Each structure stands twice: as structure tokens, then as C-alpha cells.
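All residue numbers in this chain count up from 1 along the given sequence. Atom set for the values below is all heavy atoms of this structure, side chains included, hydrogens, waters and symmetry mates excluded. Since this is a predicted model, take the numbers as computed values, not measurements.
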Amino acid sequence: QVQLVESGGGSVQPGGSLRLACAASGRMFAIYYVGWYRHAPGKQRDLVATISSGGGSTNYADSLKGRFTISRDDAKNTVYLQMNSLKPADAAGYYCTAATRLESIQRRFGSWGQGTPVTVSS
């Protein structure tokens with residue numbers, strides 16, 4: 001298993017950008033799929049994006065395509081989520097999760113970080 005720590009959250013105005021980072025400790029991080037979820041108060045936790053081991057395949061929630069980009073740097077054991085053109089509706093706690101199978105990401109069976117908050121307001 002890996003241990004995950006998110007960072008990069010904060011407060012931004014509508015239209016602004018943030019880059020979140022998910023740093024992993026543990027061996028063989030490169031073989032893990034990684035996903036980002038977000039959870040706003042009163043709403044369910046939604047899958048934002050996933051990236052395969054090696055980074056060759058990415059997937060996004062339909063509503064976020066074109067604004068969010070997930071990437072990974074396995075030399076640094078880190079996965080990033082670049083968020084552009086942020087809207088108030090994007091405000092949430094953002095959590096990364098890692099597992100050796102994509103299905104485990106989708107079913108929320110992986111390892112989790114503690115989350116990083118994102119606020120979008122003017």
C-alpha cells in the first residue's frame with residue numbers, strides 16, 4: 001500500500017487556476033492507478049479524473065473535460081491535477097486515491113489521502 005498526501009488547495013477567484021499535488025510514499029508507486037475525487041458539503045463524492053500506471057491513459061468526468069488535467073511524475077512519486085477556469089461549483093475537498101486496478105479506484109477501494117480544500121469565490 002501507499003500513503004498519500006495532497007497539497008495545493010486554497011482559495012481562488014472564479015476563472016482562476018490551481019494545481020493540486022498528490023505525493024505518495026511507498027514502493028512501486030508507478031504501478032498504481034491514481035484518481036482524484038471531490039466532495040462538497042451536502043453532495044456525494046464524485047470522481048474527477050483518473051490516470052493509469054505509466055500515465056498512458058487518462059479519464060475525466062464529462063463536465064470537467066477541457067478544464068482539468070491529470071498527470072503524473074513517477075520519478076517524484078507525485079500525481080497532479082491542474083484545474084483551470086475554476087467555477088464556484090468546483091469548490092470542494094479534493095482527495096486522491098491509489099490502487100493497482102482502475103476498478104478499485106472507481107469503487108473507492110484504494111488508499112486515500114486526507115484531502116485538500118478548494119474554495120472558489122469572488
Side-chain angles (χ1 to χ4, degrees):
Q1 289 222 347
V2 293
Q3 290 76 47
L4 305 171
V5 178
E6 301 94 333
S7 62
S11 182
V12 65
Q13 293 185 339
S17 297
L18 284 173
R19 188 176 77 157
L20 307 183
C22 172
S25 60
R27 302 179 67 180
M28 301 181 68
F29 176 67
I31 71 170
Y32 282 80
Y33 286 78
V34 178
W36 282 96
Y37 279 81
R38 68 184 184 183
H39 190 191
K43 297 184 179 181
Q44 65 182 13
R45 185 173 293 199
D46 290 328
L47 182 59
V48 171
T50 62
I51 188 165
S52 63
S53 56
S57 177
T58 58
N59 287 284
Y60 300 90
D62 287 342
S63 63
L64 301 177
K65 289 179 181 178
R67 293 196 298 123
F68 286 20
T69 303
I70 190 170
S71 61
R72 66 190 298 159
D73 184 344
D74 288 332
K76 296 182 178 179
N77 274 14
T78 302
V79 169
Y80 303 98
L81 184 68
Q82 178 69 42
M83 306 187 297
N84 298 327
S85 301
L86 283 163
K87 306 173 182 179
D90 296 317
Y94 282 73
Y95 300 83
C96 66
T97 179
T100 56
R101 299 174 60 188
L102 178 60
E103 180 183 10
S104 297
I105 297 291
Q106 296 165 333
R107 299 180 68 182
R108 309 178 188 178
F109 289 165
S111 300
W112 289 87
Q114 83 292 346
T116 187
V118 171
T119 303
V120 184
S121 66
S122 54

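Contact detail for Ala99 and Ser104: the closest heavy-atom pair is CB-CB, 3.5 Å. Of all non-hydrogen atoms in Leu18 and Leu86, the two that sit nearest each other are N-CD1, 3.9 Å. Of all heavy-atom pairs between Ala40 and Ala92, the closest is N-CB, 3.9 Å. Residues Arg38 and Asp90 approach most closely at NH1-OD1, 2.9 Å, considering heavy atoms. Here the shortest heavy-atom pairing between Glu103 and Arg101 reads OE1-NH2, 2.8 Å. Ala91 approaches Thr119 most closely through the heavy-atom pair CB-CA, 4.2 Å.
Linking ILVMFWY side-chain heavy atoms closer than 4.5 Å, directly or via other members, places Phe29 and Leu81 in a single hydrophobic cluster. Taking hydrophobic clusters as Ile, Leu, Val, Met, Phe, Trp and Tyr residues chained together by side-chain heavy-atom distances below 4.5 Å, Val34 shares a cluster with Met28. Tyr33 and Ile31 are not part of a single hydrophobic cluster, where members link through side-chain heavy atoms under 4.5 Å apart.
Ring planes of Tyr95 and Trp112: perpendicular class, angle over 60° (limits at 30 and 60°).
Residues Leu20 and Glu6 have side chains not in contact (no heavy-atom distance under 4.5 Å, counting atoms from C-beta outward). Put simply, the side chain of Gln106 does not reach to within 4.5 Å of the side chain of Thr50, judged on heavy atoms. Using a 4.5 Å cut-off on side-chain heavy atoms (C-beta onward), Tyr32 and Ser53 make no contact. Between Val118 and Met83, the closest side-chain pair of non-hydrogen atoms falls below 4.5 Å. Residues Ile70 and Val48 have side chains not in contact (no heavy-atom distance under 4.5 Å, counting atoms from C-beta outward). Annotation: side chain of Thr69 is in contact with side chain of Tyr60 (closest heavy-atom distance under 4.5 Å).
Rounding to the nearest 0.5 Å gives a distance of 9.5 Å between OG1 of Thr58 and NZ of Lys65. Atom CZ of Arg108 is separated from atom CZ of Arg45 by 7.0 Å, given to the nearest 0.5 angstrom. Taking CG of Leu4 as the reference point, atom SG of Cys22 lies at 4.5 Å (rounded to 0.5 Å). Separating the CZ atom in Phe68 from the OG atom in Ser85 is a distance of 9.5 Å, to the nearest 0.5 Å. The line from OG1 of Thr97 to CH2 of Trp36 is 11.0 Å long, rounded to the nearest 0.5 Å. Here Thr100 contributes atom OG1 and Ile105 contributes atom CD1; the two are 8.5 Å apart, rounded to the nearest 0.5 Å.
Listed for the Arg72 side chain is no donor-acceptor partner under 3.5 Å among the backbone atoms of Gly55.
Applying the side-chain hydrogen bond (donor to acceptor under 3.5 Å, both in side chains) test to pairs two or more places apart or on separate chains, those with a residue in residues 7-25 are Gln3-Ser25, Ser17-Asn84.
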